Amino acid sequence: MVGIARLAANSPCAESSRKSEQRPEYFLLPVRSILNKCDSNRVPFEWTINPYRGCEFACKYCYARYTHEYMELDGGEFEKKIFVKQNAAALLAQDVSRKYSYQRPGAEDGRPEHIAIGTATDPYQPAEREYRVTRDCLEELAKREGLSVSLITKSNQIVHDIDVFKQIAARSELSLNITVTTLRWRLARLLEPRAPRPDLRLDAVRQLREAGLRVGVSASPLIPGITDREGELEAVAGAAKEAGAEWFFSGVLFLMPSSAKQFLPFVREKFPKLAKQYEQWYAKNGYAPEEYRRKIAERVARIRLEHGFHARPFEELQRKVQSPQLSLGLNTAA
């Protein structure tokens with residue numbers, strides 16, 4: 001047992017005021033860094049911040065379950081064992097000072113590197129009410145000037161940090177994203193058992209816009225045969241526009257092996273007529289067939305045009321300095 005697995009195995013339990021027997025186990029994870037480098041050219045950001053490991057929302061399709069396997073835990077425990085990163089604010093202060101570049105290497109426009117918050121865990125899952133790791137990180141970022149920051153969540157709890165978001169937006173580039181995969185609340189409860197209802201998320205979009213903050217809606221992942229029926233994606237986009245969202249994006253479900261191990265049995269149980277299709281589509285890799293993904297990309301493009309949505313702020317910046325192939329791929333990043 002080495003590295004993060006050893007740290008996880010030796011992590012002490014975190015105190016919690018929650019008494020419910022259904023609550024997850026919380027652990028204090030002693031990490032050395034909070035700002036993580038992302039070297040993939042498939043995503044439009046250089047750095048990520050994930051205040052927790054694991055996520056209580058228990059989304060059936062969650063791609064980030066593999067991160068628990070790094071700790072030698074089963075991906076099925078992703079929502080049952082939540083690791084709270086210790087000393088996040090102090091570590092972030094060090095990381096930004098030592099690692100972050102206010103001018104993206106190789107870019108001629110002088111734009112800073114981008115920090116994405118919440119790429120592998122929801123920063124506003126229930127744990128945030130007690131441990132405030134996300135809030136601590138945001139307060140540290142608010143002390144800086146000239147950053148480029150985005151955050152994505154499924155929780156309306158985000159509105160509790162409007163004050164610090166305003167501070168960040170006054171000194172840096174900030175964009176916020178709320179994920180709404182369907183307006184059907186029963187389906188949402190089935191797919192995302194412990195996440196807030198879709199209407200609560202859309203109300204959060206409204207509140208953030210009324211506060212003068214830049215916010216858009218993600219409908220990722222689009223789940224074949226489940227959330228892709230005619231008019232459904234269009235309805236989500238319409239509701240997002242009505243709530244004040246400035247941008248809208250969606251990408252087709254991507255299934256890593258650790259995610260497939262949880263999601264495919266779920267499909268067989270709840271959507272048996274789709275089981276064979278999923279086994280055929282995702283048997284060899286984590287992607288749906290290219291033709292299907294192309295049609296969905298075209299559909300999303302039509303929706304954006306119809307509602308007058310524009311690109312995400314940092315996506316627009318990337319288009320100016322990166323290749324057309326990368327900018328095409330941004331639309332599918334969840």
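Note that the structure is a prediction, hence the values are computed from the model and not measured.
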Contacts of Lys261 that satisfy salt bridge (Lys or Arg N to Asp or Glu O under 4.0 Å) - sequence neighbours left out: Asp74
Leu151 and Asn177, any side-chain heavy atoms less than 4.5 Å apart: no
I'd like to know if Lys166 pairs up with Asp163 as an ion pair, taking the criterion as any Lys NZ or Arg NE/NH1/NH2 lying under 4.0 Å from an Asp or Glu carboxylate oxygen. no
If we ignore angles and hydrogens, is there a donor and acceptor under 3.5 Å between the side chains of Tyr52 and Asp122? no
Pairwise side-chain contact, Ile178 with Thr153, heavy-atom cut-off 4.5 Å (strictly under): yes
Do Leu92 and Ile49 touch side chain to side chain, with heavy atoms closer than 4.5 Å? yes
With heavy-atom distances below 4.5 Å as the criterion, would you say the side chains of Cys62 and Phe57 are in contact? no
Heavy-atom distance under 4.5 Å between the side chains of Val252 and Tyr287, does that happen here? no
Which heavy atom of Leu213 sits nearest to which heavy atom of Ala169, and what is that distance? CD2-CB, 4.0 Å
Is it true that Ser172 and Glu145 share a donor-acceptor pair across their side chains at a distance under 3.5 Å? no
Is Lys37 positioned over the aromatic face of Trp47, cation under 6.0 angstrom from the ring centre and no more than 45 degrees off axis? yes
Which pairs with one or both residues in residues 272-281 pass side chain to side chain donor-acceptor pair (under 3.5 Å), sequence neighbours excluded? Arg268-Glu279
Go through the structure and list residues passing ring-ring contact (aromatic ring centres under 6.0 Å, His included) with Phe309, not counting sequence neighbours. Phe248, His307
Can I get a per-line list of side-chain donor-acceptor pairs under 3.5 Å for residues 136-143, giving both atom names and the distance, sequence neighbours left out?
{"residue": "Glu139", "atom": "OE2", "partner": "Arg135", "partner atom": "NE", "Å": "2.9"}
{"residue": "Glu139", "atom": "OE2", "partner": "Arg135", "partner atom": "NH2", "Å": "3.4"}
{"residue": "Glu140", "atom": "OE1", "partner": "Lys143", "partner atom": "NZ", "Å": "3.3"}

Show your working on ring pair (Phe, Tyr, Trp, His ring centres under 6.0 Å) between Tyr61 and Tyr63 and close with a plain yes or no. CA-CA 6 Å; Tyr61 50 74; Tyr63 87 98; 9.7 Å; no
Pick one: which of Ile4, Leu73, Val31, Thr121 meets side chain to side chain contact (heavy atoms under 4.5 Å, CB included) with Arg53? Ile4
For Arg299, what residues pass the salt bridge (Lys or Arg N to Asp or Glu O under 4.0 Å) criterion, not counting sequence neighbours? Glu234
Any luck finding a side-chain donor-acceptor pair between Thr182 and Glu232 under 3.5 Å? yes
For Gly146 and Tyr102 the tightest heavy-atom approach is O-CD2, 3.5 Å
May I ask you to decide whether Glu210 forms a salt bridge with Arg206, counting only side-chain N to carboxylate O separations under 4.0 Å? no
Could you give me the CA-CA distance, side-chain angles and deciding distance for Glu128 and Arg132, then say whether salt bridge (Lys or Arg N to Asp or Glu O under 4.0 Å) is met? CA-CA 5 Å; Glu128 176 63 14; Arg132 291 171 45 99; over 6 Å; no
Tell me whether Arg111 is salt-bridged to Glu173, with the criterion being a basic N under 4.0 Å from an acidic carboxylate O. yes
As a quick check of understanding, evaluate side-chain hydrogen bond (donor to acceptor under 3.5 Å, both in side chains) for Glu113 and Ser148, giving each step before the final call. CA-CA 6 Å; Glu113 293 179 327; Ser148 177; over 6 Å; no
Go through Arg18 and Tyr26 one step at a time and tell me if the side-chain hydrogen bond (donor to acceptor under 3.5 Å, both in side chains) criterion holds. CA-CA 11 Å; Arg18 296 175 65 187; Tyr26 295 116; 2.5 Å; yes
Parallel, tilted or perpendicular, judged at 30° and 60°: which one describes the rings of Phe78 and His68? perpendicular
Can the positive tip of Arg312 be found less than 6.0 Å from the middle of the six-membered ring of Phe249, inside 45° of the ring normal? yes
Checking Arg98, Gln94, Lys99 against Ser33 for side-chain hydrogen bond (donor to acceptor under 3.5 Å, both in side chains), the one that qualifies is Lys99
Is there a side-chain contact between Leu29 and Leu7 (heavy atoms, below 4.5 Å)? yes
Carboxylate-amine/guanidinium contact Arg201 Glu192, below 4.0 Å: yes
Report the C-alpha separation of Arg144 and Ser97 in whole Å, then their side-chain angles, then the decisive distance to 0.1 Å, and conclude whether the side chain to side chain contact (heavy atoms under 4.5 Å, CB included) test is met. CA-CA 10 Å; Arg144 310 282 173 150; Ser97 296; 3.3 Å; yes
Measure from the side-chain N and O atoms of Thr134 to the backbone N and O of Tyr124, and report whether any donor-acceptor pair falls under 3.5 Å. no
Just so I know, are the side chains of Phe165 and Leu174 near enough to count as touching, which here means a heavy-atom distance under 4.5 Å? yes
What side-chain donor-acceptor pairs closer than 3.5 Å can you find for residues 80-90, not counting sequence neighbours?
{"residue": "Lys81", "atom": "NZ", "partner": "Glu25", "partner atom": "OE2", "Å": "2.9"}
{"residue": "Lys85", "atom": "NZ", "partner": "Asn50", "partner atom": "O", "Å": "2.8"}

Between Arg293 and Glu290, is a salt bridge (Lys or Arg N to Asp or Glu O under 4.0 Å) present by the stated rule, with each step listed? CA-CA 5 Å; Arg293 287 183 283 130; Glu290 184 177 355; 5.1 Å; no
